[in-house]
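So that the names make sense, note that chain A is the first sequence line, chain B the second, and so on, each numbered from 1. Note that this is a predicted model, so its numbers are computed, not measured.
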Number of protein chains: 2
Amino acid sequence: MSITSDLLRGHTDTIILRRLMHQDSYGYEINKYIQEKTNGEYELKEATLYSAFRRLEEIGWISSYWGDETTGARRRYYTVTSTGRKAYEQNMKDWEQAKYLIDALIKEGGE
Amino acid sequence: MSITSDLLRGHTDTIILRRLMHQDSYGYEINKYIQEKTNGEYELKEATLYSAFRRLEEIGWISSYWGDETTGARRRYYTVTSTGRKAYEQNMKDWEQAKYLIDALIKEGGE
DNA sequence: TGAATGTAACTAGAAAAACTAAGTACAACG
DNA sequence: CGTTGTACTTAGTTTTTCTAGTTACATTCA
C-alpha cells in the first residue's frame, strides 16, 4: 500500500456505501474491488472493513443477510438502506467542501 | 464547525507545516488562522494542535523556541526543519493522489 | 476596583477508527 | 495431501483527536 491510510480515513464508510449502492456485496468482494480499482495503491485491512460493516449496520445505514451459497465459503451480503443512501449523498457534499478547504489550507499562496 | 473532522484528519500535520513554511508561528495564531481562512467552517481543537506540535517536534519536522514577549502571554514559536519541508512536499504529492483515488472510489460511474 | 474578555499554553483521560495478528472453515488444484 | 484461494471473525493495540478542564497575564469597562 503506497498511500497512507490516514488520508483515506473518514472515507471508509462512503466507499462501502457507494459500492453497495451499485449492488449488494460482501466483505471479500469489496476488498478486492478497492485493490483493483486503485491498482493496489490502497487496500482496506479486513479488520477495518468488517468493523465498518458492524458500525454501519448498528447505525442503520446498511443491513445484512446470509447468501445461499451451496458451495464455497458462506458470504454475508450487505444492502444499503434509505438512510444510508441519504448519508452517502451528504458525505459526497462534505467531501467536495473538504477538498476545497484542505487545498486552501495546505497549498502555497495565501498569507 | 460544519465539516466533520474525520475528513480533515490526516491533514493536521500538513496544515501546520504549510503555515510554518510561510513564517514561524505559535499555536494560538495558527488556530485563529485556520478559523479565518475557512470562515469558521473548521477549527483545530487546541489539544489537537498542541499534541500535533509535540508529535512533529519528536519526529524532527519542527523545532521550537520561546518568544521574547516582554508583555502579554508567553508564546512558544515553532519553525519547520528541512526534514519537515521535505515531508510537506511528500504530503502534497500524497494528497493529490489521495484526491484522485477517493474520487474514483466514492463517485458514481465505474462498475 | 474587580469582573469579564482576550491572549496563550498545557494536561489527563476518553473516544473512535484503523491497525496487527491471529484463528476458523471449506474448496480446488496439482 | 499440502498449498492456495475464498470468506468471515475476534482480541487487543496504536494513533489521532476529542472533552473538559487548568494556569497565567493583559486589557477594558462598568
Side-chain angles (χ1 to χ4, degrees), chain A residues 1 3-17 19 24-36 42-59 61-62 64-78 87 91 98 102 105, chain B residues 1 3-17 19 24-36 42-59 61-62 64-78 87 91 98 102 105:
Chain A
M1 176 164 45
I3 185 159
T4 86
S5 53
D6 271 332
L7 293 181
L8 275 293
R9 197 187 176 103
H11 299 284
T12 309
D13 295 355
T14 316
I15 292 169
I16 292 171
L17 289 175
R19 188 69 190 140
D24 285 11
S25 190
Y26 56 97
Y28 196 82
E29 192 277 333
I30 290 181
N31 221 18
K32 282 276 171 293
Y33 171 77
I34 292 170
Q35 286 173 48
E36 276 163 35
Y42 183 56
E43 117 188 79
L44 277 183
K45 296 298 149 61
E46 277 177 44
T48 304
L49 187 60
Y50 289 111
S51 65
F53 281 145
R54 227 170 300 125
R55 181 175 61 247
L56 293 175
E57 193 159 21
E58 256 167 47
I59 60 176
W61 291 8
I62 63 175
S64 68
Y65 55 92
W66 284 104
D68 58 353
E69 284 69 43
T70 46
T71 180
R74 80 226 151 117
R75 299 170 177 174
R76 187 195 282 278
Y77 282 87
Y78 295 90
N91 286 359
I102 293 167
L105 289 172
Chain B
M1 177 163 46
I3 185 159
T4 87
S5 53
D6 272 332
L7 292 182
L8 276 292
R9 197 184 179 109
H11 300 283
T12 310
D13 296 355
T14 315
I15 292 169
I16 292 171
L17 290 174
R19 188 71 189 138
D24 286 10
S25 190
Y26 54 97
Y28 196 81
E29 192 278 332
I30 291 181
N31 220 19
K32 282 278 171 293
Y33 170 77
I34 292 169
Q35 285 173 49
E36 276 163 35
Y42 182 56
E43 116 189 80
L44 277 182
K45 296 296 149 61
E46 277 177 44
T48 305
L49 188 59
Y50 289 111
S51 66
F53 281 145
R54 226 172 300 126
R55 181 174 60 246
L56 293 175
E57 193 160 21
E58 257 168 45
I59 60 176
W61 290 8
I62 63 175
S64 67
Y65 56 92
W66 284 104
D68 59 353
E69 284 70 43
T70 47
T71 180
R74 79 223 153 117
R75 298 172 178 171
R76 187 195 281 278
Y77 282 88
Y78 294 91
N91 286 359
I102 293 167
L105 288 172

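Atoms CD and CD, on B:E29 and B:E36 in that order, are 8.5 Å from each other to the nearest 0.5 Å. Interatomic distance, A:D6 CG to B:D13 CG, rounded to the nearest 0.5 Å: 8.5 Å.
In this structure, the nucleotide among C:dT7, D:dT16, C:dC10 sitting nearest to the side chain of B:R76 is C:dC10. In this structure, the nucleotide among C:dT7, D:dT9, D:dC18 sitting nearest to the side chain of B:K45 is D:dC18. Set against C:dA16, D:dT6, C:dA8, the side chain of B:R9 has C:dA16 as its closest nucleotide.
Nearest heavy atom pair, residue B:L17 against residue B:A87, reads CD1-CB, 4.4 Å. Taking every heavy atom of both residues into account, B:G27 and B:Y50 meet most closely at CA-OH, 3.8 Å. Listed here is the closest heavy atom pair of A:F53 and A:Y26: CZ-C, 4.4 Å. Across all non-hydrogen atoms, the minimal contact from A:I34 to A:E43 is CG2-CA, 4.4 Å. Contact detail for B:L44 and B:N31: the closest heavy-atom pair is O-OD1, 2.7 Å. Nearest approach of A:I102 to B:L7, heavy atoms of both residues: CD1-O, 3.8 Å.
With rounding to whole Å, A:L44 atom CG is found 17 Å from D:dA7 atom P. Atom CG of A:D6 and atom P of C:dA17 are 14 Å apart (whole Å). A straight line from CD1 of A:I59 to C1' of C:dA17 spans 13 Å, rounded to a whole angstrom. Between the CG atom of A:L8 and the C1' atom of D:dT16 there is a distance of 16 Å, given to the nearest Å. Computed from coordinates, the A:D68 CG to D:dA7 P distance equals 14 Å when rounded to whole Å. A:N31 places its CG atom 15 Å from the P atom of D:dG5, with the value rounded to the nearest Å. A:W66 has its CH2 atom 13 Å from the C1' atom of C:dC26, to the nearest Å. One interatomic measurement links the two molecules: CZ of A:R75 to P of D:dG5, which rounds to 17 Å at whole-angstrom precision.
At least one side-chain heavy atom of A:Y65 sits less than 4.5 Å from a side-chain heavy atom of A:D24. In this structure, the side chains of B:R75 and B:Y28 stay at 4.5 Å or more apart for every pair of heavy atoms. Looking at heavy atoms from C-beta onward, B:Y78 lies out of side-chain contact with B:I30 at the 4.5 angstrom threshold. Counting heavy atoms from C-beta outward, A:I16 and A:L49 have side chains that approach closer than 4.5 Å.
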I'd like a list of close polar pairs between nucleotides 20-27 of chain D and the protein, N/O only, cut-off under 3.5 Å.
none

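Across the helix from C:dT1-D:dA30 to C:dG30-D:dC1, the helix axis at one end is tilted relative to the axis at the other end by 0° (nearest 10 degrees, each axis from five pairs).
Distances shown here put every side-chain N or O of B:Y28 at or beyond 4.0 Å from the OP1 or OP2 atom of C:dA9.
Residues from residues 48-56 of chain B with heavy atoms under 4.0 angstrom of DNA chain D, sorted by number: B:T48, B:S51, B:R55.
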